[in-house]
Enquirer: 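Got a structure for you, written out below as structure tokens; questions coming shortly.
All of these numbers come straight from a predicted model, not from anything done at the bench. The figures here come from the full heavy-atom set of this structure, side chains too, leaving out hydrogens, waters and symmetry mates.
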Amino acid sequence: DRIVLEADNTSADAQAEMQAAVVELGVFRDGRDLADAVEPELFDRVETAAGRLGLPVSALQPLEPWLVSVQLQAVNLQRGGWTAATPPAMVIIDTARRDGVQLDYLEGGTDVLTRMAALPDAVHVAMLEQSVETLEIRPEEPAEILDAWLRGDTRQLAQIYHGPGAWADERLRQAMLIDRNAAWSEAIDGMMSTHTGTVFVAVGAGHLVGADSLVRDLRARGHAVMRR
């Protein structure tokens with residue numbers, strides 16, 4: 001009867017809104033560039049990592065460290081065949097549109113960008129350093145995630161997403177995982193209380209595993225959550 005996803009990141013309107021938010025939130029406006037915002041050693045590592053991805057560092061220079069972190073991760077994912085329009089997301093969206101099923105979202109399309117941009121500069125630099133380190137020592141991580149997901153290996157997924165060193169900073173984990181899961185569990189709880197039909201909710205695997213998962217939050221609200 002109703003399909004709910006994290007956010008709309010595929011429609012033309014949503015993509016235009018996100019592009020505007022990227023410029024507003026993630027591009028330096030004070031005359032600095034990336035080389036001014038990070039230590040020379042980290043900048044050199046960024047340049048090397050970007051080069052391996054076929055990305056000129058000049059394209060990253062105007063961007064704040066948190067956005068460079070996101071960009072490096074996104075390009076690495078794309079090299080592995082992952083995009084915002086990759087199944088299963090597009091399968092779900094296409095099915096909803098084909099069958100005339102109501103399609104809703106748990107948060108706004110730019111909410112994630114706003115959350116990241118609001119974090120302190122030190123967290124932004126830590127995000128970038130971690131992204132570079134992952135590209136240096138585990139560039140195949142997207143393939144590992146996909147393999148664990150296809151096997152339904154929740155322990156491996158929890159280790160990848162939330163194991164030691166998985167989060168660059170506790171403040172990042174709070175903003176991107178714990179706070180969002182809490183908000184989503186409240187929204188889903190409201191749906192369960194007011195919607196009489198079936199609600200299909202799809203979120204990223206990282207939100208469904210580990211000690212601070214959405215599953216835990218829903219159980220804390222009294223819902224029975226079972227894996228089938």
Enquirer: Can you confirm whether Val27 sits close enough to Leu63 that some side-chain heavy atom of one is under 4.5 Å from a side-chain heavy atom of the other?
Expert: yes
Enquirer: Checking Arg180 side chain against Met176 main chain: does a donor-acceptor pair fall under 3.5 Å?
Expert: yes
Enquirer: Compare all side-chain heavy atoms of Val215 with those of Arg227 and state whether any distance is below 4.5 angstrom.
Expert: no
Enquirer: Report yes or no: do Val4 and Val101 belong to one cluster of Ile/Leu/Val/Met/Phe/Trp/Tyr joined by side chain heavy-atom distances under 4.5 Å?
Expert: no
Enquirer: Determine, using the 4.5 Å side-chain heavy-atom cutoff (strictly less than), whether Met18 and Leu103 are members of one ILVMFWY cluster.
Expert: no
Enquirer: Would you give the length of the straight line joining atom CD of Gln102 to atom CD1 of Ile3, rounded to the nearest 0.5 angstrom?
Expert: 10.0 Å
Enquirer: How long is the straight-line distance from CZ of Phe43 back to CG of Asp33, given to the nearest 0.5 Å?
Expert: 7.0 Å
Enquirer: Got a donor-acceptor contact below 3.5 angstrom from the Asn181 side chain to the Asp212 backbone?
Expert: yes
Enquirer: How close do Phe200 and Ile92 get, heavy atom to heavy atom, and via which atoms?
Expert: CE2-CD1, 3.9 Å
Enquirer: Answer yes if Val75 and Leu113 sit in the same cluster of Ile, Leu, Val, Met, Phe, Trp and Tyr residues linked by side chain heavy atoms under 4.5 Å apart, and no otherwise.
Expert: yes
Enquirer: Which distance, rounded to the nearest 0.5 Å, do you find between the CD1 of Ile93 and the CZ of Arg98?
Expert: 13.5 Å
Enquirer: Test side-chain contact (heavy atoms from CB on, under 4.5 Å) on Gln71 and Leu60 and set out the steps.
Expert: CA-CA 8 Å; Gln71 185 73 5; Leu60 304 176; 3.9 Å; yes
Enquirer: Distance-only, no hydrogens or angles: does the Glu136 side chain make a donor-acceptor pair with backbone N or O of Ala49 under 3.5 Å?
Expert: no
Enquirer: Drop me the distance from Glu107's CD to Thr114's OG1, to the nearest 0.5 angstrom.
Expert: 10.0 Å
Enquirer: Can you find a pair of side-chain heavy atoms, one from Leu177 and one from His162, that are under 4.5 Å apart?
Expert: yes
Enquirer: Check the surroundings of atom CD in Glu39: do more than 12 heavy atoms from other residues, nucleotides or ligands lie under 6.0 Å from it?
Expert: no
Enquirer: So which atom in Pro65 and which in Leu128 form the shortest heavy-atom distance, rounded to 0.1 Å?
Expert: O-CB, 3.8 Å
Enquirer: Whether Glu64 and Arg32 form a salt bridge (side-chain N of Lys/Arg under 4.0 Å from carboxylate O of Asp/Glu) is what I want to check.
Expert: no
Enquirer: If you count every heavy atom of other residues, nucleotides or ligands that lies below 6.0 Å from Met192 atom CE, does the total exceed 12?
Expert: no
Enquirer: So, for Gln15 and Thr10, which heavy atoms are closest and what is the spacing to 0.1 Å?
Expert: NE2-O, 3.3 Å
Enquirer: Does any part of the side chain of Asp44, heavy atoms only, come nearer than 4.5 Å to the side chain of Thr48, both counted from C-beta?
Expert: no
Enquirer: Working to the nearest 0.5 angstrom, can you tell me the gap between Leu119 CG and Met127 CE?
Expert: 7.0 Å
Enquirer: Quick one: does Val38's side chain get under 4.5 Å of Val46's, heavy atoms only?
Expert: no
Enquirer: Mind checking the CD1-OG spacing from Ile178 to Ser213? Nearest 0.5 Å is all I need.
Expert: 11.0 Å
Enquirer: Do Leu25 and Leu67 share a hydrophobic cluster, counting only Ile, Leu, Val, Met, Phe, Trp and Tyr and linking them when any side-chain heavy atoms are less than 4.5 Å apart?
Expert: yes
Enquirer: With a 4.5 Å heavy-atom cut-off, do Val199 and Asp1 have their side chains touching?
Expert: no
Enquirer: Exactly one of Glu141, Glu140, Glu133 should register a side-chain contact (heavy atoms from CB on, under 4.5 Å) with Ile137. Which one does?
Expert: Glu133
Enquirer: Kindly say whether Val225 contributes a backbone atom to a donor-acceptor pair with the side chain of Arg219 at under 3.5 angstrom?
Expert: yes
Enquirer: Name the one of Leu172, Thr110, Asp179 that satisfies side-chain contact (heavy atoms from CB on, under 4.5 Å) with Arg115?
Expert: Asp179
Enquirer: Considering all heavy atoms of both residues, which atom of Tyr161 and which atom of Ala166 are nearest to each other, and what is their separation?
Expert: O-CB, 3.2 Å
Enquirer: Quick one about Gln73 and Ser69 (side-chain donor to acceptor, distance below 3.5 Å, no hydrogens or angles considered), yes or no?
Expert: yes
Enquirer: I would like to know whether Leu72 and Leu53 meet side-chain contact (heavy atoms from CB on, under 4.5 Å); could you show each step before the answer?
Expert: CA-CA 8 Å; Leu72 291 175; Leu53 295 173; 4.0 Å; yes
Enquirer: Which heavy-atom pair separates Trp66 from Ala117 by the least distance, and what is that distance?
Expert: CZ2-CB, 3.8 Å
Enquirer: State which residue, out of Ile188, Leu214, Asp111, Leu5, fulfils the side-chain contact (heavy atoms from CB on, under 4.5 Å) condition with Leu106.
Expert: Ile188
Enquirer: Would you say Val68 ends up clustered with Trp167 if hydrophobic residues are merged whenever their side chains have heavy atoms under 4.5 Å apart, either directly or through other cluster members?
Expert: yes
Enquirer: Can you see which heavy atom on Val125 is nearest to which on Ala37, and at what distance?
Expert: CG2-O, 4.1 Å
Enquirer: Less than 4.0 angstrom from a charged side-chain N to a carboxylate O is my criterion; do Glu24 and Arg29 meet it?
Expert: yes
Enquirer: Side chains of Asp217 and Trp184: does their closest heavy-atom pair fall under 4.5 Å?
Expert: no
